Protein chains: 2
Amino acid sequence: MVELSTTKDGIPNQAEASDRVLQILSEAGRLFATKGYDGTSMRDIAVACGISKSLLYHHFSNKDEIYARVAVGSTLELYLFVRDRVPDGPPSQKIRAFMVATAEYFRRYRWAWIASTTAFWNDPDRHRQKERLTRRDRFENFLRGLIQEAIDAGEIRKVDVPMTGRLILSSLNWMHRWYNPNKSATPEQIADIFFDMVFNGLRSGDAAAPPPAEPPKSSRRKARQTSRS
Amino acid sequence: MVELSTTKDGIPNQAEASDRVLQILSEAGRLFATKGYDGTSMRDIAVACGISKSLLYHHFSNKDEIYARVAVGSTLELYLFVRDRVPDGPPSQKIRAFMVATAEYFRRYRWAWIASTTAFWNDPDRHRQKERLTRRDRFENFLRGLIQEAIDAGEIRKVDVPMTGRLILSSLNWMHRWYNPNKSATPEQIADIFFDMVFNGLRSGDAAAPPPAEPPKSSRRKARQTSRS
DNA sequence: ATTTTCACCGACCGACCGGTCAAGCCCGCT
DNA sequence: AGCGGGCTTGACCGGTCGGTCGGTGAAAAT
């Protein structure tokens, strides 16, 4: 319960919220993530919390505000969260830290993450959408800056920076569609594996770099499915 | 108009459908993709087609059936579509062809693709969801087979096969979120760039492979945004 | 010429939606 | 004991949802 919006750990949102409000945000986030915005009624949220529908309107002015607190409110500082976890060092390792930090954010605020990325990716032309895109741009431009750094430092090839950013973010943004918290690796470990693949490439060491010292826990199976992509 | 379900090109679905049915499926697909399943009412579809709502029920038994024809019906043979476009040759090139073919499918059946991947990624009904997952598994296992081939042939490192498949599919599945048909590259070209990045890696040639002969149309900009990921 | 077929429509239904409101409950304060 | 005021409620509202129904008109079949 109440897994969103902890006030510790530098996530500054949802400050001063009562337990009941936190409960509502938690249940609403889970419902928005699993059933979508339109598919989740105010009654659903009320029943999940064991309260009356009217009480929701005592704490929030309308459904949109609940969604905003769940999605925008908790996605608020993804950029800050990640930026503070990217230490100084070689640019390529900063990219790796960027990916691992984003995965950590995903693991910790999973429902809010899913709700914000799936429920409203289009949207009834809201002004809030613009705000989200602004944050998204800030986040993405941060990554592009890191990529450019790595290019300037000669650590990575002169690839197309926006396209490289999209590849990296794709691997992270799609994770919620197949990640199962009960098995396989943690999101941080997955991000690490993806970084290794993208940075070092899949190509074998013939006439190139030798197979890296740490093969990322290569489970030698014959391509049976475990979970979908 | 009527861009779904052409009977040529080996996409065998939607056979024997009247123009009106094709129009309904086309408009419904566009609406489902842009406004979501719950966000699209039968009235919306009827108005978009310039017909009465009753007529929808003359051609389809209910809303779910329309969605099924749009999403499941057109996603039907993604596996076959891609399989037929993967020629014999070096396994790594088969992976590349797999990616390009998937991108082509995305470009040609874009609305149905988006509708099927966004609207219902979870959600109520059971049997159709299972059917979709079965197809998805077949598609994904096909890719995993190609990856395993490339490993056995020594073309790529002994990476984790399922995880590698997820990385590749992530790059393709997330494309619809940022792809803009009016600018940048075609989906096929994007898939080609992604293949190059993932296969050869981002790392520069220091003590590894030299920077490949063809830097993929590296547009040397300073990491300003063009479109989001 | 009559019947059958079929694409098509307007009016309507019960259910549920987001949201409102007046009134109770329960608490500490005086 | 009396009381004010936050929390909480059930009843209710207008509107929209997916879906139904009886019927129309024109072409096709007989």
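Every chain is numbered from 1, with letters handed out A, B, ... down the list of sequences. Being a predicted model, the structure only gives us computed values, none of them experimental.
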**Prompt:** Quick one: does B:T40's side chain have a donor or acceptor within less than 3.5 Å of a partner on B:L31's backbone?
**Reply:** yes
**Message:** Can you list everything that forms a ring pair (Phe, Tyr, Trp, His ring centres under 6.0 Å) with B:F60? Sequence neighbours excluded, please.
**Reply:** none
**Request:** Using modelled atom types only, decide if a donor and an acceptor are shared between the side chain of A:R132 and the backbone of A:S116 within a distance under 3.5 Å.
**Result:** yes
Filtered N/O pairs between nucleotides 14-18 of chain D and protein, under 3.5 Å:
unit_1	atom_1	unit_2	atom_2	d
D:dG18	OP1	B:T40	O	3.4
D:dG18	OP1	B:K63	NZ	2.6
D:dG18	OP2	B:M42	N	2.9
D:dG18	N7	B:R43	NH1	3.2
D:dG18	O6	B:R43	NH2	3.1

**Fill in**
In whole angstroms, the gap separating P of D:dC7 from CG of A:L56 amounts to 15 Å
**Length of the CG-C1' vector between B:L55 and C:dA11, whole Å** = 16 Å
**Asked** Would you find a donor on one side and an acceptor on the other, under 3.5 Å apart, between the side chain of B:D192 and the backbone of B:Q189?
**Response** no
**Prompt:** Does a nitrogen or oxygen in the side chain of B:H58 sit under 4.0 Å from OP1 or OP2 of C:dA7?
**Reply:** yes
**Message:** Below 30° counts as parallel, above 60° as perpendicular, anything between as tilted: where do the rings of B:F142 and B:F98 land?
**Reply:** tilted
**Prompt:** With distance as the sole test, does B:Q23 use its side chain to make a donor-acceptor pair with the main-chain N or O of B:C49 at under 3.5 Å?
**Reply:** yes
**Prompt:** Does A:H59 have a side-chain nitrogen or oxygen under 4.0 Å from the phosphate oxygens OP1 or OP2 of D:dC7?
**Reply:** no
**Asked** Nearest-Å distance, CD1 (A:I24) to P (D:dC7)?
**Response** 12 Å
